[in-house]
Number of protein chains: 2
Amino acid sequence: MTTVLDIARLAGVSSATVSRVLNGNAGVKADARDRVLAAALETGYRPNRMAQSLRRGRSNTLALLVGDIEQNLYSSLTKHLQASVAEIGLDVLLYNLDHSPERLKSFLALAPALGLRGVVLATSDRIGPEFDPQLADLQARGLTLLSMIQRLDLRGVPSIVHEEFAATREAVSYLLGTGRAPVMYVGRISTSDLGAERYRGYRAALAEAGEPLRRELVQDVRFSYEAGYEAVTRALDAGLCFGSVQAGSDVIALGAVAALADRGRRVPEDVAVIGFGNANWTAFTRPALTTLSVHHEAAAMAARSAFAAAEAGRDVPPLVTIARSLIRRRSA
Amino acid sequence: MTTVLDIARLAGVSSATVSRVLNGNAGVKADARDRVLAAALETGYRPNRMAQSLRRGRSNTLALLVGDIEQNLYSSLTKHLQASVAEIGLDVLLYNLDHSPERLKSFLALAPALGLRGVVLATSDRIGPEFDPQLADLQARGLTLLSMIQRLDLRGVPSIVHEEFAATREAVSYLLGTGRAPVMYVGRISTSDLGAERYRGYRAALAEAGEPLRRELVQDVRFSYEAGYEAVTRALDAGLCFGSVQAGSDVIALGAVAALADRGRRVPEDVAVIGFGNANWTAFTRPALTTLSVHHEAAAMAARSAFAAAEAGRDVPPLVTIARSLIRRRSA
DNA sequence: CTGAAAGCGCTTACAG
DNA sequence: CTGAAAGCGCTTACAG
């Protein structure tokens with residue numbers, strides 16, 4: 001492996017000058033610079049990242065903590081984020097939390113020793129205040145923290161999130177406006193702040209339309225196919241009557257549609273269903289799923305911009321909120 | 001941040017002894033060891049990874065290169081692999097190739113400077129022999145290479161793959177045995193070795209059953225919903241007659257099912273469809289998708305074992321092949 | 001069994 | 001504008 005010393009020898013300068021040239025520092029005479037550049041090009045020299053990181057006190061690496069990479073929400077975010085930060089020279093270390101607070105805890109214990117440039121928190125599971133000291137400690141060490149699914153801005157972590165409340169309210173209002181009352185709500189509420197926001201939107205739409213809130217039509221379940229399937233099956237078997245389902249996620253919606261089909265209900269003729277998140281397969285199920293949009297590319301751009309700003313010592317906006325829109329397909 | 005010197009001071013020994021204790025090296029007296037361990041525990045000491053990596057000449061990091069993390073095949077593999085190698089202390093740096101050979105090229109140019117422990121290649125896109133010199137170079141530097149989707153064992157890269165030929169043959173034989181001829185094949189063939197293997201299985205099943213190969217029923221398309229939808233729509237609009245579709249992937253199958261539904265064909269009554277890969281949503285579409293299994297957990301275990309073996313200087317098996325089975329659901 | 005010393009490959013005050 | 005030197009925090013021959 002060629003080192004900075006090899007380049008220095010080839011160019012007839014010191015390693016300090018090589019470093020200055022390669023790091024774009026001012027104050028190197030043109031001919032010295034040219035000789036260094038030529039030598040670097042000729043040898044295909046790449047600075048040893050481990051040495052750079054040790055010396056600079058931090059690496060070019062971002063840790064990305066996702067709820068469950070197997071869910072489209074997270075894999076799509078990961079894809080765009082990786083592409084986006086690669087443009088400013090950052091690598092992504094992926095930690096799959098698998099919805100386990102233990103894994104978050106063990107990551108945070110390790111994180112300070114990793115020399116990370118930053119950490120992106122991307123999980124819908126509530127990150128409780130018990131983690132605040134460790135998060136603050138990381139920030140104190142100069143890491144840039146970012147939360148990309150749930151809001152943590154009020155606890156000092158800049159957040160880039162999607163709007164949940166108004167989006168759900170719009171979807172449920174749409175269902176009510178098309179004569180689909182009563183509306184069942186199936187989604188995570190209790191252990192997810194964004195889930196709670198969505199549920200709040202559901203209730204607001206009901207209230208605006210003068211519809212009563214029926215507890216038996218509210219199912220607080222995990223974000224999974226199975227949960228959607230089981231909740232709706234149970235409701236049908238209990239003889240509950242409803243004209244539509246607002247799901248807290250697309251996978252819940254798919255489970256709901258399957259449950260309805262298996263009990264002989266037609267979607268959307270008998271029961272309308274709206275998902276949440278516009279997962280990549282939602283346009284290809286039959287009926288195609290009506291759902292609420294997501295804008296990972298925009299979020300990834302905002303994240304890149306936040307890291308660039310932090311790097312340059314500029315302020316990072318405490319909160320960026322991305323609106324969603326209703327994507328009307330066939331299921332509602 | 002506490003360093004090895006702090007621990008040494010606290011324990012009343014030298015930094016060399018601290019290092020020996022922490023790395024499990026033999027030959028440290030019990031009382032010295034205990035004092036070091038106590039000091040480390042008390043301070044919550046974690047060795048600086050950047051310094052360790054520089055000194056040892058390599059990090060604890062594996063690069064994982066995937067075709068497209070947004071596809072369930074890759075996200076599921078990523079999930080299991082990350083969990084699996086975490087158990088032996090390895091982190092995963094994720095590179096999303098997005099099916100671009102350019103990205104692979106630029107990664108390989110950078111890789112030697114990264115101090116990686118290993119590289120996992122996980123893409124269905126053919127990695128041509130033009131990359132062999134760089135791959136060999138990485139191996140010569142002591143990196144452990146592993147290919148987890150396509151076979152590269154004949155080119156010196158240990159591979160952990162799923163069986164493709166017999167699996168497809170079994171699925172297509174099943175279609176023929178249930179009176180579903182002629183069978184259309186929709187999947188990637190030309191730029192993917194594993195796709196070609198699947199297609200070979202299709203042809204073998206046809207030959208065994210004495211069925212003719214009809215070129216117009218073979219569609220060489222990308223692994224995408226759109227491709228499946230368009231290929232089947234085109235076939236129907238051209239008036240082609242077929243009793244079933246063997247898809248080269250689950251997303252192609254979902255596109256095919258949608259195309260059939262949109263043209264008024266019932267699945268499986270009019271046309272049977274078999275997917276490939278048992279993506280996490282396949283049990284929840286209606287009709288539920290009959291498909292061929294995948295065993296990411298087994299593959300991830302094999303990968304962990306390979307890295308552990310390489311670490312210990314033991315031989316890594318050149319090829320591990322994992323069989324698939326037909327998962328019968330509703331669509332065929 | 002243990003410590004002093006060297007060194008991994010960089011970057012950056014410091015001095016000129 | 002440039003070089004000699006120090007040092008980031010480890011690990012490991014080397015010597016005892």
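Everything numeric in this text was worked out from a predicted model, so none of it was measured. All heavy atoms count here, side chains included; hydrogens, waters and symmetry mates do not.
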(request) Starting at the 5' end of DNA chain D, write a dot or bracket for each base, bracketing those in Watson-Crick or G-U wobble pairs whose two distances are under 3.5 Å and using | for partners on another strand. (result) |||.||||||||.|||
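- Counting heavy-atom neighbours within 6.0 Å of A/Asp31 CG, excluding the residue itself, gives a total above 12.
- Summarising the geometry, the separation between CG on B/Asp31 and P on C/dC1 is reported as 11 Å, rounded to the nearest angstrom.
- For the 3.5 Å distance criterion, the side chains of B/His296 and A/Glu70 fail to qualify, holding no donor opposite an acceptor.
- The existence of a salt bridge linking A/Arg151 and A/Asp153 is confirmed by a sub-4.0 Å separation between a basic side-chain nitrogen and an acidic carboxylate oxygen.
- Across the P atoms, C/dG9 and C/dA13 are found 23 Å apart, a figure rounded to whole Å.
- At whole-Å resolution of the value, CG in B/Asn23 and P in D/dA13 are 12 Å apart.
- Between A/Ala32 and B/Thr3, the residue whose closest nucleotide on DNA chain D is further toward the 5' end is A/Ala32.
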Let me have the donor-acceptor pairs involving side chains of residues 32-42 of chain B, under 3.5 Å, with sequence neighbours excluded, atom names and distances please.
residue, atom, partner, partner atom, Å
B/Arg35, NE, B/Ala11, O, 2.8
B/Arg35, NH2, B/Ala11, O, 3.3

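- Identified under the ring-ring contact (aromatic ring centres under 6.0 Å, His included) test for residues 73-95 of chain A, with sequence neighbours left out: A/Tyr95-A/Phe107.
- The gap from the P atom of C/dA5 to that of C/dC1 amounts to 23 Å, rounded to the nearest Å.
- The CZ atom of A/Arg49 lies 9.0 Å from the OG atom of A/Ser59; values are rounded to the nearest 0.5 Å.
- Using modelled atom types, one finds a donor on one side chain and an acceptor on the other under 3.5 Å when comparing B/Asn23 with B/Ser19.
- Salt bridge present: B/Arg188 and B/Asp125 bring a charged side-chain N and a carboxylate O closer than 4.0 Å.
- Atom CG of B/Leu65 and atom CG of B/Leu93 lie 9.0 Å apart (nearest 0.5 Å).
- Residues from residues 4-17 of chain A placing a heavy atom under 4.0 Å of any atom in DNA chain D, listed by number, are A/Val13, A/Ser14, A/Ala16, A/Thr17.
- Within the structure, the side-chain hydrogen bond (donor to acceptor under 3.5 Å, both in side chains) test picks out the following pairs touching residues 81-90 of chain A (sequence neighbours left out): A/Glu87-A/Arg304.
- Within residues 43-62 of chain B, the residues approaching DNA chain C are B/Leu54, B/Arg55, by heavy-atom distance under 4.0 Å.
- Note: CZ (A/Arg20) to C1' (D/dC1) measures 8 Å, nearest angstrom.
- Ion pair A/Glu130/A/Lys105 not flagged as a salt bridge, since none of the NZ, NE, NH1 or NH2 atoms sits closer than 4.0 Å to an Asp/Glu carboxylate oxygen.
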